[in-house]
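Quantities reported herein were computed from a predicted structural model and do not represent experimental measurements. In this chain, numbering begins with 1 at the start of the sequence shown.
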Amino acid sequence: MSAPLRPRPAAPYGPAASRDRAVLGASATPRLLTVGVIGAGRVGAVLGAALAAAGHRVVAVAGGSGASRARLALLLPEAPRRPVAAVAHAAADLLLIAVPDDALAAVVTDLAERGALHPGQVVAHTSGAHGLAVLAPAAEVGARPLALHPAMTFTGTPDDLARLDGISYGVTAPAELRALAARLVADLGGVPEWVAESDRPLYHAALAHGANHLVTLVNEATDRLRDAGVDRPEKVLAPLLRAALENALRLGDDALTGPVSRGDAGTVERHLARLAATAPESVPAYLALARRTADRAIAAGRLRPVDAQSLLGVLADNGREVAA
């Protein structure tokens with residue numbers, strides 16, 4: 001069942017929160033924001049809906065594909081669709097740009113060159129890989145830059161809204177915007193993690209390695225179980241993987257079990273031989289992960305170096321075979 005949109009009272013923002021913007025001046029930000037969203041993909045549509053549920057006014061959204069239109073009808077039915085520049089003009093307080101990483105710089109540059117941005121407006125993007133540098137064209141015309149990345153995977157449906165409570169946001173902000181950034185994250189039900197500009201690629205690499213590669217790893221395991229004749233691999237894997245994930249998050253390297261952590265070279269060698277015969281495309285990934293697992297097991301004291309010698313020899317020999 002899809003989670004309903006429950007309005008969340010927007011967090012207060014200082015003693016001047018209720019004053020009119022005209023009294024405060026162009027650089028001040030009101031408590032309830034007038035918001036535009038560029039990019040109605042899975043992230044933009046959901047965050048736009050969450051901001052609306054927090055009481056902010058989402059006045060325009062840009063998203064032209066059929067999938068984007070369907071998401072907007074479901075998540076932001078009252079927000080009119082507009083061209084990108086019109087959305088930027090309408091976003092008096094906050095412009096949220098949720099486009100693919102490689103498209104972000106071009107979108108920001110185009111908006112700045114077309115005069116669609118204005119001084120005092122907060123221009124925020126949702127990219128994990130980028131920080132504030134990509135927003136330099138916006139800052140040059142007086143807009144205030146903000147990097148606001150939700151550490152969550154999205155489906156682009158109302159179910160995502162329930163998952164926002166308590167998640168972390170990787171935030172990079174100039175000092176004068178940190179209070180506003182913290183307030184926005186609170187309105188979204190999240191917790192800010194302050195990430196330095198230079199650390200954004202490492203931050204994003206860690207999340208991609210953990211989440212995106214996990215999906216690939218699980219699907220690889222599912223496929224190999226099917227190859228082994230298991231009719232419902234997801235039923236076999238679900239309790240095992242949930243326990244492994246919970247243990248890893250709680251215990252770190254002490255959660256490690258299995259043949260690599262025991263130094264069972266013969267078992268690993270049989271794994272590799274059967275994989276090579278059945279699914280050779282899986283061998284390089286298995287080798288890479290087994291080597292890294294062995295390194296971590298040795299460093300954590302889970303595997304004695306003397307017990308690892310035969311195992312490391314198997315992994316090295318198979319690595320040479322794959323390279324050849």
Side-chain angles (χ1 to χ4, degrees), residues 128-129 149-155 163 166-168 170 193 199 201-324:
H149 174 256
M152 177 51 63
T153 183
F154 289 83
T155 62
R163 299 189 182 102
I167 73 166
S168 296
E193 290 290 340
D199 288 333
L202 183 60
Y203 158 83
H204 194 240
L207 296 183
H209 194 33
N212 304 149
H213 297 171
L214 177 62
V215 173
T216 301
L217 182 61
V218 171
N219 286 328
E220 282 277 300
T222 300
D223 290 344
R224 300 297 74 81
L225 283 174
R226 288 197 185 96
D227 292 341
V230 176
D231 290 332
R232 295 183 60 195
E234 68 282 355
K235 185 176 184 296
V236 175
L237 285 172
L240 173 65
L241 297 184
R242 289 192 183 105
L245 178 59
E246 290 170 4
N247 289 342
L249 292 173
R250 184 166 55 91
L251 301 173
D253 286 318
D254 284 342
L256 186 60
T257 63
V260 172
S261 70
R262 296 189 297 266
D264 289 341
T267 298
V268 171
E269 190 167 27
R270 287 189 290 275
H271 288 178
L272 289 163
R274 187 57 191 271
L275 283 171
T278 306
E281 68 277 12
S282 290
V283 171
Y286 184 103
L287 279 170
L289 288 171
R291 291 190 191 110
R292 186 65 185 127
T293 300
D295 290 342
R296 295 190 69 98
I298 293 168
R302 303 284 295 172
L303 177 62
R304 296 188 307 167
V306 64
D307 296 329
Q309 290 181 2
S310 295
L311 171 68
L312 295 175
V314 167
L315 297 176
D317 289 344
N318 277 274
R320 283 193 289 272
E321 291 174 9
V322 169

First locate atom [atom1] of [X], then atom [atom2] of [Y], and finally report the distance between them rounded to the nearest 0.5 Å.
X: Leu207; Y: Thr153; atom1: CG; atom2: OG1; answer: 11.0 Å
X: His271; Y: Leu287; atom1: NE2; atom2: CG; answer: 12.5 Å
X: Asp264; Y: Arg270; atom1: CG; atom2: CZ; answer: 8.5 Å
X: Thr222; Y: Leu237; atom1: OG1; atom2: CG; answer: 5.0 Å
X: Leu240; Y: Thr257; atom1: CG; atom2: OG1; answer: 8.0 Å
X: Leu311; Y: Gln309; atom1: CG; atom2: CD; answer: 11.0 Å

Check: Under the salt bridge (Lys or Arg N to Asp or Glu O under 4.0 Å) rule, what pairs show up with a residue in residues 224-233, not counting sequence neighbours?
Finding: Glu220-Arg224, Asp223-Arg226, Arg224-Asp227, Arg232-Glu234
Note to self: I need the full list of ring pair (Phe, Tyr, Trp, His ring centres under 6.0 Å) pairs touching residues 223-254, with sequence neighbours left out, sorted by first then second residue.
What the structure shows: none
Note to self: Strictly by side chain to side chain donor-acceptor pair (under 3.5 Å), give each pair with a member in residues 239-255 just once, sequence neighbours left out.
What the structure shows: Asn247-Arg250, Asp253-Arg296
Notebook entry, point to check: Applying the side chain to side chain contact (heavy atoms under 4.5 Å, CB included) test to Thr293, which of Leu303, Leu315, Leu256 qualifies?
Noted result: Leu256
Next item on the list: Report yes if some heavy atom in the side chain of Tyr203 is under 4.5 Å from a heavy atom in the side chain of His149; otherwise report no.
Entry: yes
Next item on the list: Would you mind reporting whether Val268 and Leu272 have side-chain heavy atoms less than 4.5 Å apart?
Entry: yes
Item checked: Any residue meeting side chain to side chain donor-acceptor pair (under 3.5 Å) with Asp307, in chain and number order, not counting sequence neighbours -> Arg304
Check: Can you list the residues that meet the side chain to side chain donor-acceptor pair (under 3.5 Å) rule with Arg292, with sequence neighbours excluded?
Finding: none
Item checked: Test ring-ring contact (aromatic ring centres under 6.0 Å, His included) applied to Phe154 - qualifying residues, sequence neighbours left out -> none
Note to self: Please check: side-chain N/O of Arg163 versus main-chain N/O of Met152, any donor-acceptor pairing under 3.5 Å?
What the structure shows: no
Nearest heavy-atom neighbours spanning [X] and [Y]:
X: Ala294; Y: Val260; answer: N-CG1, 3.6 Å
X: Ala255; Y: Ala248; answer: CB-N, 3.6 Å
X: Ala297; Y: Ser261; answer: CB-CA, 4.4 Å

